[in-house]
Amino acid sequence: IPGYGDSPPMEMAVTAQGRRTFLEHVFQELGMQRPVLVSPSMSGRFSLPFLLAHGDQLAGFVPIAPVGTKDYTAEQYRGVQTPTLILYGDHDTGLAPQALQNLQHLPEHRVAVVPGAGHACYLDKPEAFHRALLGFLHQLK
């Protein structure tokens, strides 16, 4: 994610519109047609603006306790028809409950909880995480 960790800051990433545009460019450059967007934690600042503007371009969306869910209204979420798997570790008592509270307004969602896992549930319990993710992917058209 530009500007996080050791990656250099990027002027485009300062606004939600810029972050959405960045993702548009990534998908274009990679030639991706209807990808499934997997979005852990800080990447929510990029994925959520994209989802709300271009959710119809995604085959699916997998938020993993993303940041920024409170920046949008229940009504905005209700307008998204993208199949969504809300995924989180049951020991994530920080971001996961807030993300679930907001993302549950997405009409085409289901929830998967990774037992015994924290915020980075994909690192804590990779087999359970991958089972949930693959189960969702197999159900997509």
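Keep in mind the model is a prediction, meaning the values are calculated, not measured.
Shortest non-hydrogen contact noted between Ala65 and Ala99 is CA-CB, 4.1 Å. A pairwise comparison of heavy atoms in Pro40 and Ser43 identifies O-OG, 2.7 Å as the closest pair. Heavy-atom minimum distance, Leu140 versus Ala59: CD2-O, 3.6 Å. Scanning both residues, His119 and Ser41, for their nearest heavy atoms gives NE2-OG, 2.8 Å.
Phe129 and Val36 fall within the same hydrophobic cluster, defined by Ile, Leu, Val, Met, Phe, Trp and Tyr side-chain heavy atoms under 4.5 Å apart, directly or through other members. Follow the hydrophobic side-chain contacts under 4.5 Å out from Leu123 and you reach Leu87 in the same cluster. Two different hydrophobic clusters hold Val111 and Leu133 under the rule that ILVMFWY side chains link at heavy-atom gaps under 4.5 Å. There is a path of hydrophobic side-chain contacts, each under 4.5 Å, that joins Leu85 to Tyr122. Clustering ILVMFWY residues whenever any of their side-chain heavy atoms sit less than 4.5 angstrom apart, transitively, puts Leu106 in a cluster other than the one holding Leu137.
Annotation: side chain of Phe50 is in contact with side chain of Leu58 (closest heavy-atom distance under 4.5 Å). Taking 4.5 Å as the limit, every side-chain heavy atom of Tyr88 sits out of range of all side-chain heavy atoms of Pro97. Here the side chains of Cys121 and Ile64 are in contact, with some heavy-atom distance below 4.5 Å. Side-chain contact between His109 and Ile86 is present, with heavy atoms from C-beta onward closer than 4.5 Å. Counting only heavy atoms from C-beta outward, the side chains of Gln81 and Pro107 approach each other to under 4.5 Å. Residues Pro35 and Phe27 form a side-chain contact, since some pair of their non-hydrogen atoms from C-beta on lies under 4.5 Å apart. Taking 4.5 Å as the limit, some side-chain heavy atom of Val80 sits within range of a side-chain heavy atom of Leu52. Here the side chains of Val62 and Leu37 are not in contact, with every heavy-atom distance at 4.5 Å or above.
A donor-acceptor contact shorter than 3.5 Å is absent between the side chain of Thr69 and the backbone of Val67. Here the side chain of Arg20 pairs no donor or acceptor atom with the backbone of Pro49 at under 3.5 angstrom. Between the side chain of Arg34 and the backbone N or O of Asp56 there is at least one donor-acceptor pair closer than 3.5 Å. In terms of modelled atom types and a separation under 3.5 Å, the side chain of Glu29 and the main chain of Val26 share no donor-acceptor contact. Remark: side-chain polar atoms of Thr82 are paired, donor with acceptor, to backbone N or O of Gly55 under 3.5 angstrom. Side-chain N or O atoms of Asp90 include none that pairs as donor or acceptor with a backbone N or O of Val113 at under 3.5 Å.
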(request) Show your working on side chain to side chain contact (heavy atoms under 4.5 Å, CB included) between Ser39 and Phe46 and close with a plain yes or no. (result) CA-CA 9 Å; Ser39 179; Phe46 289 78; over 6 Å; no

(message) The test is side chain to side chain contact (heavy atoms under 4.5 Å, CB included); show your working for Leu48 and Arg19 and say whether it passes.
(response) CA-CA 9 Å; Leu48 293 170; Arg19 292 186 295 270; over 6 Å; no

(request) Using the side chain to side chain donor-acceptor pair (under 3.5 Å) rule, take Glu24 and His54 through it: C-alpha gap first, then chi angles, then the decisive distance, then the call. (result) CA-CA 9 Å; Glu24 289 172 20; His54 304 297; 2.7 Å; yes

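Remark: Gln57 CD to Met32 CE distance equals 12.5 Å, nearest 0.5 Å. With values rounded to the nearest 0.5 angstrom, Leu103 atom CG is found 11.5 Å from Tyr72 atom OH. In this structure, Gln104 CD and Arg78 CZ are separated by 10.0 Å, a value rounded to the nearest 0.5 Å. To the nearest 0.5 Å, the span separating CD on Gln28 from CG on Leu23 amounts to 11.5 Å.
Ring geometry, Tyr77 versus His105: the interplanar angle falls under 30°, so the pair is classed parallel (tilted spans 30 to 60°).
Legend: residues meeting side chain to side chain donor-acceptor pair (under 3.5 Å) with Asp124, ordered by chain and number and at least two apart, are absent.
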